[in-house]
There are 2 protein chains.
Amino acid sequence: MYFHIFVEMNWEKKHITIHDIARELKISASTVSRALNNNPRISAATRDMVQKLAAAHGYQPNVMASSLRKGRGNTVGVIVPNINRSFFSNIIGGIEEKLSGAGFNLMICQSNESLDKEKEALQTLMHARVDGIMMSLSMETQDYAHLEKLLNRGIRMVFFDRVPDTLAVDGVVIDDHAAAFRITTALIEKGYRHPAHVGGSGKINVYRQRKSGYLDALKSSGSQVIASHITETDMTRQGGRKAFREIMQSDPRPDAFICAGDLAAHGVLLEALKNHFRVPEDIAVSGFANEEFTPHITPPLTSVDQKGLEMGRQAASLFLEQEATNDGSRIVIEPEVLFRLSTQKEITLRTE
Amino acid sequence: MYFHIFVEMNWEKKHITIHDIARELKISASTVSRALNNNPRISAATRDMVQKLAAAHGYQPNVMASSLRKGRGNTVGVIVPNINRSFFSNIIGGIEEKLSGAGFNLMICQSNESLDKEKEALQTLMHARVDGIMMSLSMETQDYAHLEKLLNRGIRMVFFDRVPDTLAVDGVVIDDHAAAFRITTALIEKGYRHPAHVGGSGKINVYRQRKSGYLDALKSSGSQVIASHITETDMTRQGGRKAFREIMQSDPRPDAFICAGDLAAHGVLLEALKNHFRVPEDIAVSGFANEEFTPHITPPLTSVDQKGLEMGRQAASLFLEQEATNDGSRIVIEPEVLFRLSTQKEITLRTE
DNA sequence: ATAATTTGTGCAATCGATTGTATTTTCATA
DNA sequence: TATGAAAATACAATCGATTGCACAAATTAT
């Protein structure tokens, strides 16, 4: 347990140890240790005396020593596909906020969407003897053997966003289905007749959810599902452009693109404009993730706020509660759809 | 020293120690330790035998134990203003690449441009007994007393981008002066007559450099310096908008805005468009940092690639070399100016 | 063949905090 | 006052790797 008593920085002096305190108070080091840890076997008088002196000296426990003894380093590993993406860096922010308060440090790794790098990161983290791992799967990860090994070994794990759905592990996700459903329904209500879907790999839970949200919205509004209006991409701008060209071949042609990612949506948007379609008058485009650029492009892109900070916080809480209970609980966070100009068909009606 | 021999992950087994190896080979643990560390006092035969068995068992040293003994944890602290900004996350990528290869772990903190948070982060890092600190100053940091304390205490430090200029510390910067000079000169050559400058706090080296690059370019091209064309902002979009309105009051009115940051530049751009100026025909705008959104806005924003990855790598190298030689050496990286539509006056001439 | 080196290993202490097991102190009760 | 239980504290081992020093073995010199 840590004492966060912020005395003035005294970095000139050497770090003091419990032995220094013990000597000064003419008691044993073990008593000091117990006093600092509020062990009930220590009398209130001694405890206060020790804590007061420790605070006065700005004592900070040597984490290496206590880690060695306790066998755990109060460090948790975090693996994200990419630290650059605002969604993930927000998540990290949320995790850090919760965990640093609980005395944990973070070790952050990037998988770059590669399974090999993901395994490598897990290696690194295990060698560092982290107390647990919080992660979001790479795009390539479809087989969970490497994760199961860890789970069997009793490693605490919490997943966020991209979770291994066939494993009973703790995780935090947003309601992707609801977000996609809401967007699709809204577009249909606005008068778009044939929304298409540019999705991601069906191997990944979030993309499956987004697709099924789209499909369910079509059904519940009585629209027909057109197979050629549905495609999978790699979620890049280039992939979006390609998807646009392909889907526009079909008959009937769609007049809206519900994309499972912002980059792909941007690609669709650019390709649409390039081919002299008006957005949103002729074609609506929506993305997913509310990346930093989405409000700044022309027209601003409708997207989904995935509540990264909130997700990070929840995941961290789950991790902290998980002392014993890795029971595969899933927290679902409500996303927020940010409707922007790229889907505002009525804007043309209003412009009189 | 670490052995990066990647045997198949064997996380089911307990971690083995040098004592296990010693017992198996019927030698002492100290010999094992020395053999693994390539200590010359150990015979080649023993060394090979030990290393082979260690590799076979997938032995990994317990970092906590060796940290405790050696008094250093093979961890370096990194403090950046904000992990979200692509420039900084690229730097982190570069640092990680170099340092993880050298067996170091990273502890990443954000200052959020606040001096208090910066101090807090330094606290945290010192308590974690990091081996050194790599950082970029917060905007608020103007007094370096807290850093000097650390330096006097012998803490290894390397700065990047925002460096404390009155301190003889190692650092990596880009040639901000050259970048600003180049942009300003180019704009004048393109026919813009009165470039203005939207700068950041003069307390920070990079903003001073950018401003002086702008000024020197004016001088060397024989343009006059107009005081009312120069302003300081907080480098936000809002700040950029405000700067635009203010500067446009002056006589003569400027026809170009060299901004020291992308957000401010975007603010200027938006405000210009809002006031029915054409960009780049009437007014040119340039930013700094090549943030992710810059190529995607309308018109795409001229900016400066600050070579974050490269800067991170160099900073890490400096850190590694610095075992003894903290002699205040500065590495200067050549930036790359990315001219985009927002400064292409001739585009109008070409449109025939 | 013996002394003087050189070379290779082992022993034991150490880093600082934690914790099971004494041991001492305190206090109440007989 | 002696005795037992309870409360408070001390002792010592431990976590795993490192390292100064001692010691043994092998090699060279005399």
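Values below: all heavy atoms of this structure, side chains included; hydrogens, waters and symmetry mates excluded. Chain identifiers are assigned alphabetically (A, B, ...) following the order of the sequence lines, protein sequences preceding nucleic acid strands; residue numbering begins at 1 within each chain.
- Evaluation of the side chain to side chain contact (heavy atoms under 4.5 Å, CB included) rule for B:Asp143 yields B:Ala145 as partners, not counting sequence neighbours.
- For the pair B:Arg129 CZ and C:dA17 C1', the computed distance is 11 Å after rounding to whole Å.
- Rounding to whole angstrom units, CG of residue B:Leu36 and P of D:dG16 are separated by 15 Å.
- Look at A:Glu140 and A:Lys117 and you find no salt bridge, because none of the NZ, NE, NH1 or NH2 atoms lies under 4.0 Å from a carboxylate O.
- When the P atom of D:dA17 is taken as reference, atom CD of B:Gln60 falls 11 Å away, rounded to whole Å.
- Contacts of B:Ser33 with the nucleic acid, taken as non-hydrogen atoms under 4.0 Å apart, include base atoms.
- Here C:dC15 presents its C1' atom at 9 Å from NE2 of A:His19, a figure rounded to the nearest Å.
- Here A:Arg129 pairs with B:His15, B:Asn62, B:Met64 under the side chain to side chain contact (heavy atoms under 4.5 Å, CB included) rule; sequence neighbours left out.
- Separating the NZ atom of A:Lys70 from the P atom of C:dG16 is a distance of 17 Å, rounded to the nearest angstrom.
- In this structure, the CG atom of B:Leu68 is 12 Å from the P atom of D:dA17, given to the nearest Å.
- One interatomic measurement links the two molecules: CG of A:Asp20 to C1' of C:dC15, which rounds to 13 Å at whole-angstrom precision.
- By the side chain to side chain donor-acceptor pair (under 3.5 Å) test, B:Arg34 pairs with no residue at all, sequence neighbours left out.
- Rounded to whole angstrom, the span from the OH atom of A:Tyr59 across to the P atom of C:dG16 amounts to 10 Å.
- Considering only residues two or more places apart in sequence or on other chains, B:Thr75 meets the side chain to side chain contact (heavy atoms under 4.5 Å, CB included) condition with B:Asn105, B:Met107, B:Val130.
- Taking the side chain to side chain contact (heavy atoms under 4.5 Å, CB included) definition, one finds that B:Asp131 meets it with B:Arg72, B:Asn74, B:Phe104, sequence neighbours left out.
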- What does nucleotides 7-14 of chain D look like as a protein-contact string, B for base, S for sugar-phosphate only, - for none, at under 4.0 angstrom between heavy atoms? -BBBBBBB

